[in-house]
Amino acid sequence: MENIAKEPRFFDIELLQGESLSHFLGHFRRENYLTATQLSKLTGLGAVIGRWEKCYFNPFPTQQELEPLAGIVEVQVDKLLEMLPPKGMTIKPRPIRLCGACYAESPYHRIEWQFKDVMKCVGEARRRHRHNLRLLTKCTNCETPFPIPADWVQGECPHCFLPFATMAKRQKRL
Ligand SMILES: [Zn+2]
Ligand SMILES: [Zn+2]
């Protein structure tokens with residue numbers, strides 16, 4: 001049988017616990033050599049993709065928006081919802097926050113770092129331990145704000161190149 005009508009396939013990427021949608025989208029695009037504009041066209045979501053990459057989830061993504069994205073990235077809508085703030089949780093899109101210690105363990109942006117009123121890293125409590133470290137909002141060396149998670153490639157400050165993992169040394173214990 002010939003695969004005449006086969007849809008274009010993309011490389012799957014590993015799903016990471018608590019990963020933010022912004023980080024996931026950037027990772028998926030780079031793995032598949034797609035620009036944000038191309039992903040916007042493929043999903044028919046237009047500017048919505050760019051908003052999500054910037055961690056703007058207000059208005060909250062709808063089922064109608066998540067379904068076409070789920071089809072392209074081949075991840076169930078339920079899994080995409082786990083990359084978003086839970087219902088009723090307000091998030092703050094700026095500043096982008098970071099726990100350098102979490103990042104050193106596993107290099108990706110967690111959605112819970114953007115929860116409003118959460119100023120320390122507590123997410124690890126559900127797994128092994130908690131860091132109880134104050135989340136960072138800018139580079140500990142040059143004070144440049146962190147880029148949007150979709151643009152986290154090398155895991156370092158875009159200005160002075162200090163690795164995110166190294167910044168853990170300067171995080172205050174709470
Ligand atoms: Zn942490
Ligand atoms: Zn820096």
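Below, each value reflects all heavy atoms present in this structure, side chains not excepted, and no hydrogens, waters or symmetry copies. The chain is numbered in sequence order, starting from 1. Note that ligands are numbered from 1 as they come in the structure, with each ligand's atoms numbered from 1 the same way.
- When all heavy atoms are compared, the tightest approach of Pro85 to Ile91 is CB-CG2, 3.2 Å.
- The cationic group of Arg29 does not satisfy the cation-pi geometry with Tyr33, failing either the under 6.0 Å distance to the six-membered ring centre or the 45° limit from the ring axis.
- In this structure the side chain of Ile111 never reaches within 4.5 angstrom of the side chain of Leu84, judged on heavy atoms.
- Between Cys102 atom SG and His131 atom ND1, the angle centred on the Zn ion (ligand 1) amounts to 100° (nearest 10°).
- Put simply, Cys142 gets within reach of the Zn ion (ligand 2), with an N, O or S atom under 2.8 Å from it.
- The SG atom of Cys157 and the SG atom of Cys139 subtend an angle of 110° at the Zn ion (ligand 2), given to the nearest 10 degrees.
- Shown are His27, His23, Gln114; of these, the side chain to side chain donor-acceptor pair (under 3.5 Å) with His109 is made only by Gln114.
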